[in-house]
Structure formats: C-alpha cells, structure tokens
Visitor: 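Quick one: the structure is below, and I'll ask about it shortly.
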Amino acid sequence: MARSLRRLAALTVCLILLCSCGNSAPNPADVQFTAMDTFMHLTAYGDNAQAALARAQQTVMELEKSLSVTDPGSEVFAANNANGQPVSVHSATAELVRFSLSMSHRTGGAMDPTVYPLVRAWGFTTRQHRVPSQAELDRLLPLVGAEQVVLTEDTLTLSPGAMLDFGGVAKGWAGDRLAEALKQAGISSAILRLGGNIQTIGTKPDGSDWVVGIQDPDSENMLTRLSVRDCAVVTSGGYQRSFTENGQTYWHILDPSTGYPARTGLTSVTVVAPSGALCDALSTALFVMGPDKAAEHWREHRDFDAVLVREDGSVIITAGLEAGFSLMGGYGDREVTVLR
Amino acid sequence: MKTKHWILIFAAVALLCAVAIVLFPLPQQVASAADIYQNGILIRTVPLGQDARFTITAPNGGTNTVAVSGGRIRVEQATCPDGLCVNQGWSRTEGYPIVCLPHGLVIQPKGGDTPFDAVTN
C-alpha cells in the first residue's frame with residue numbers, strides 16, 4: 001500500500017514538472033528592411049537562420065535592382081527604352097516575363113504586365129495623382145496588351161511606347177525566390193512579410209499553422225483570420241493606393257481594357273496558393289474581374305483559394321479555406337458565402 | 001491518512017484545475033509595448049498602457065506625430081507626401097506594423113498573446 005502510494009506521488013510530481021515546463025519555442029532569427037517600396041520583415045527558425053536571412057535580404061535587393069523600371073542598369077529599363085529594338089535578357093528576367101505573359105493569357109488580360117503607361121498617367125508611380133483625360137487614355141490604350149511583348153529564349157522586344165512593369169508580381173516573385181533559397185539553406189520554418197505579401201515555409205516550430213490576419217478594407221481592424229502553412233497569401237485592394245478628386249475616388253488597380261480604375265463591386269481580394277507570384281498576379285486579376293468572373297476562374301482552375309470582400313461588406317471564400325477561416329470579433333454579422 | 005483519502009484529494013484537485021482551465025481561459029492580451037525604429041535603428045520603446053503623444057523628426061527633416069491611447073498606437077499626423085502611415089490607423093497587435101517609408105519610420109507593437117503572425121493588406 002505504502003509503496004504504491006509512493007509510486008503515485010512520484011508519478012504526480014513527474015507529471016506536474018512536465019506540464020510546468022511550458023512552451024519554450026526556439027528563438028527566431030529576424031531581419032527588417034525596406035525594398036521594393038515596401039517594409040519587409042522576415043522571420044526564420046533553425047540553425048544558420050540568421051545568415052540565411054541576411055542572404056535573403058541581399059537577394060531581394062538584387063531582384064529589385066534587376067526589375068526596376070527607373071534604374072538605367074536594369075534589363076526592364078533597357079527594354080522599355082529600346083524603342084522597338086530587341087534587348088538581351090538573363091534567364092531570370094525572361095522567366096518572369098514568361099510568367100507574366102502566361103498570367104495575362106490565363107486571366108483574359110485582367111492582369112496585364114504592360115499597364116505601366118496607364119498607371120503612370122494617373123500619377124500612381126510618382127504619387128502625384130491626377131485624372132487623365134479620355135483623349136490621353138485613348139492614346140495610351142493601344143500600347144497595352146500582351147501582344148506588345150515578344151520574348152525569345154534570351155531577347156525581349158517591346159513595341160515602341162509599350163512598357164513592362166513587374167510591380168504587380170515582383171513581391172510575390174521575390175517571395176518564391178526567397179522561399180526556394182531558404183529551403184535550400186535548410187530552413188523548414190519561416191514567415192516572410194514582404195509588405196502585405198506573406199510567404200510561409202512549413203509550419204511554426206511547434207507544428208501549428210501560421211495565423212494570418214486579413215485587414216478590413218474599410219478600417220484598420222482585422223476582418224478575418226486564416227490558418228495557413230507552406231503557402232503564400234497576397235491581398236489586392238483599391239484602398240491600398242487611391243486618391244479622391246471632386247468627390248470621386250480613384251485607385252491604382254486599373255482595368256487594362258479601359259484604363260480606368262476597376263470598379264466591379266469588390267474592395268479587396270486575398271489569394272492563397274503555394275506560389276507567391278501566382279497569388280500576386282491573381283489577386284490583381286480577380287479584383288479586376290469582379291466576383292462572378294472570379295468565381296468562374298476559381299472553378300475552372302482550382303489551383304488557388306481566395307477571400308473576396310464586396311463593397312457591401314459581405315465576404316466570399318473558396319471551399320479550401322473554410323476549415324482555417326474565422327471572422328474576427330465585431331464582424332460576426334457579415335454574410336459569408338462559400339464557393340464550392 | 002488512508003491511501004484512498006490521498007487519492008480522493010488528488011482527484012479533487014485535478015478536477016478543480018480542469019474546471020478552472022475551462023471556465024477561466026487566459027485573456028487574450030494585446031501588445032503591451034511598441035518598438036519604434038528610425039532607418040532600421042531602434043530609437044524608442046513605448047509602453048501601450050498609458051496615453052502618450054510625441055513627435056519624431058527624421059534625419060531628412062520629416063515629422064510624424066505618434067499617439068498612444070487605449071492600448072493602441074498610430075501616426076496621427078505626418079509631413080510625408082502620401083500620408084499612408086496616417087491612413088493605416090491604429091495598431092494594437094504584433095504583426096501589424098505602422099510604416100512611414102519616406103521618413104524611415106517603423107512602429108512595431110510587441111508583447112502579449114499575439115493573435116497574428118502576419119497581416120496581409
């Protein structure tokens with residue numbers, strides 16, 4: 001009797017000690033910097049994580065330089081200013097051009113890498129906002145479209161006046177390149193915040209999902225929360241860059257076919273998929289398409305998931321997100337539709 | 001005491017603990033402080049528990065007026081060209097930094113139970 005009581009006591013003490021050990025998560029490596037006109041904050045776990053992140057920062061800076069529209073040293077700048085002449089490009093640039101053209105094709109032109117002349121006309125590139133005249137847009141629209149771009153294995157030719165800009169996919173593309181490099185360096189748990197573009201590697205060290213908040217397009221509060229792992233999450237919304245003139249609000253997500261801000265009843269689109277570049281391109285494209293065409297696009301491809309927020313505040317989510325999705329406090333009355 | 005009394009006491013305590021954990025979950029704490037960075041250098045840490053208002057001047061002469069109220073922090077006013085930092089509104093949570101790129105200013109709330117690892121916007 002006494003012996004089993006002692007055993008019971010010993011077992012109890014062991015259990016208490018085990019439970020009180022607490023959750024000692026390993027210390028993360030962390031780096032914060034500005035690139036691509038955005039504040040970036042990368043967190044990674046594991047041996048050599050700090051060194052891996054330092055290299056990651058370097059990679060982003062190099063990518064930014066090579067894709068710059070304004071830096072005379074970039075291949076993009078060269079192509080944009082070659083007045084119809086072919087320009088030789090490295091395979092990395094060619095790959096991005098190829099990806100952008102394929103996305104333009106896939107989305108029926110809703111996402112278009114040649115909209116730069118239009119975006120510039122609205123002053124979004126210099127933050128000196130203005131409303132261009134219809135005549136000005138009519139003059140610029142013929143310069144827009146995937147057919148303005150001819151890409152061979154290593155040369156890039158743009159029609160005179162046409163311009164490529166990767167602002168709509170650069171962060172997602174960078175996220176993918178970084179994830180590749182970090183995984184190669186042996187990192188299996190990381191979260192990369194490239195502005196509002198999120199890229200995750202694996203899960204958190206304790207095996208749980210990363211918790212990503214989606215901001216309410218109309219306030220600073222978080223509207224919804226997603227639990228994700230090993231994927232990218234990217235949001236596009238008119239509220240990100242806009243200006244108001246004469247009572248009308250104009251935003252930077254333009255409809256490439258009209259040159260005007262896309263007004264399709266959506267305030268934000270968040271896309272979740274393994275590839276950051278795909279998320280980036282699609283979040284813009286689906287915003288331009290509007291809810292009905294976006295739903296159609298999802299049903300046709302099903303290689304991504306999405307959260308669409310409408311102007312009336314209602315939310316549409318694709319079925320793949322249903323499990324890890326929840327509305328934040330204060331938003332419980334929002335109508336949520338699940339696409340299947 | 002007899003063995004079975006000890007066992008009963010042990011079981012009662014265990015039950016009480018279980019009940020307590022269910023009935024009184026840990027309150028979700030929001031960020032308790034915010035780190036303020038200027039061009040990548042930590043210049044100040046501000047507790048979010050007391051109201052405050054102060055102005056930060058960037059090396060390039062730009063200014064941001066920061067306000068703390070009700071456990072939240074925001075840039076109230078700024079001389080930057082686009083005022084994106086002001087438009088961001090209040091932050092109360094780690095994972096949602098307030099950023100003024102033209103002035104190199106980053107406000108990072110921290111501490112508390114962090115509801116988000118990241119915010120997409």
Side-chain angles (χ1 to χ4, degrees), chain A residues 1-2 4-5 8-9 12 15 19 31-34 37-39 41 43 126-129 191-193 195-200 204 208-217 219-223 225-228 232-235 237 239-243 268 270-272 279 283 307 328-329, chain B residues 1-11 13-14 17-18 21 28 30 35-42 72-75 80-110 113-121:
Chain A
M1 264 311 165
S4 45
L5 181 60
L8 179 64
T12 309
L15 279 172
C19 292
V31 71
Q32 301 180 31
F33 58 96
T34 298
D37 209 20
T38 297
F39 173 67
H41 180 193
T43 302
T126 53
R127 293 196 170 113
Q128 276 154 10
H129 305 132
I191 182 160
L192 316 177
R193 310 168 193 80
N197 278 45
I198 311 302
Q199 189 108 12
T200 63
K204 293 202 265 203
S208 62
D209 284 348
W210 303 96
V211 179
V212 178
I214 300 180
Q215 192 178 17
D216 177 1
S219 81
E220 69 255 347
N221 300 317
M222 298 308 134
L223 171 63
R225 172 170 57 207
L226 298 175
S227 295
V228 297
V233 184
V234 179
T235 300
Y239 67 94
Q240 291 165 331
R241 286 232 175 135
S242 67
F243 68 95
S268 92
T270 300
V271 178
V272 182
C279 288
S283 66
V307 178
M328 295 303 294
Chain B
M1 265 205 261
K2 291 193 181 152
T3 305
K4 68 173 177 187
H5 289 149
W6 279 112
I7 291 171
L8 279 171
I9 289 169
F10 176 70
V13 170
C17 285
I21 287 169
Q28 189 185 75
V30 295
D35 283 337
I36 301 183
Y37 296 83
Q38 180 88 64
N39 294 332
I41 300 172
L42 179 65
R72 311 167 301 170
I73 189 165
R74 71 167 175 170
V75 172
C80 54
D82 51 24
L84 288 176
C85 54
V86 177
N87 288 350
Q88 276 194 266
W90 296 100
S91 174
R92 66 170 81 235
T93 177
E94 194 171 311
Y96 184 48
I98 306 293
V99 177
C100 180
L101 282 182
H103 296 168
L105 185 73
V106 177
I107 300 174
Q108 288 270 29
K110 62 175 187 179
D113 281 345
T114 55
F116 304 108
D117 297 303
V119 169
T120 182
N121 55 8

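The figures that follow rest on heavy atoms only: side chains count, while hydrogens, waters and symmetry mates do not.
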Visitor: For chain B, find which of A:Q128, A:H129, A:M222, A:Q240 contributes the most heavy-atom pairs closer than 4.5 angstrom.
Guide: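 Among A:Q128, A:H129, A:M222, A:Q240, the one with the most close pairs to chain B is A:M222.
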Visitor: Checking the side chain of B:Q38 only, and the main-chain atoms of B:H103 only, is there a donor and an acceptor separated by less than 3.5 Å?
Guide: yes
Visitor: So which part of A:Q32 gets closer than 4.5 Å to some heavy atom of chain B, the side chain, the backbone, both or neither?
Guide: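 Side chain of A:Q32 only, per the 4.5 Å heavy-atom cut-off to chain B.
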Visitor: Quick one: what part of B:V119 sits under 4.5 Å from any heavy atom of chain A, side chain, backbone, both or neither?
Guide: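 For B:V119, the contact with chain A is made by backbone and side chain together.
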Visitor: Given heavy-atom pairs under 4.5 angstrom as the criterion, report whether the side chain, backbone, both or neither of A:I214 touches chain B.
Guide: both
Visitor: Picking from B:R74, B:Q88, B:R92, which has the most non-hydrogen pairs under 4.5 angstrom with chain A?
Guide: B:Q88
Visitor: Apply side-chain contact (heavy atoms from CB on, under 4.5 Å) to A:N221 and list each qualifying residue two or more places apart in sequence or on a separate chain.
Guide: A:S219, A:Y331
Visitor: Roughly how far, to the nearest 0.5 Å, is the CH2 atom of B:W90 from the CD1 atom of B:I98?
Guide: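 Here the rounded value is 10.0 Å.
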Visitor: Who passes salt bridge (Lys or Arg N to Asp or Glu O under 4.0 Å) against A:D37, sequence neighbours left out?
Guide: A:R127, A:R241
Visitor: By a 4.5 Å heavy-atom criterion (distance strictly below it), what part of A:Y239 contacts chain B: side chain, backbone, both, or neither?
Guide: side chain
Visitor: Do A:V228 and A:D209 make a side-chain contact, defined as non-hydrogen atoms from C-beta onward lying under 4.5 Å apart?
Guide: no
Visitor: What part of A:H41 gets closer than 4.5 Å to chain B, counting heavy atoms only: side chain, backbone, both or neither?
Guide: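 Looking at A:H41, just its side chain touches chain B.
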Visitor: Do B:Q108 and B:E94 have side chains that approach each other closer than 4.5 Å (heavy atoms only, starting at C-beta)?
Guide: no
Visitor: Taking side chain as everything from C-beta outward and backbone as N, CA, C, O, which of these in A:S268 sits under 4.5 Å from a heavy atom of chain B? Side chain, backbone, both or neither.
Guide: neither
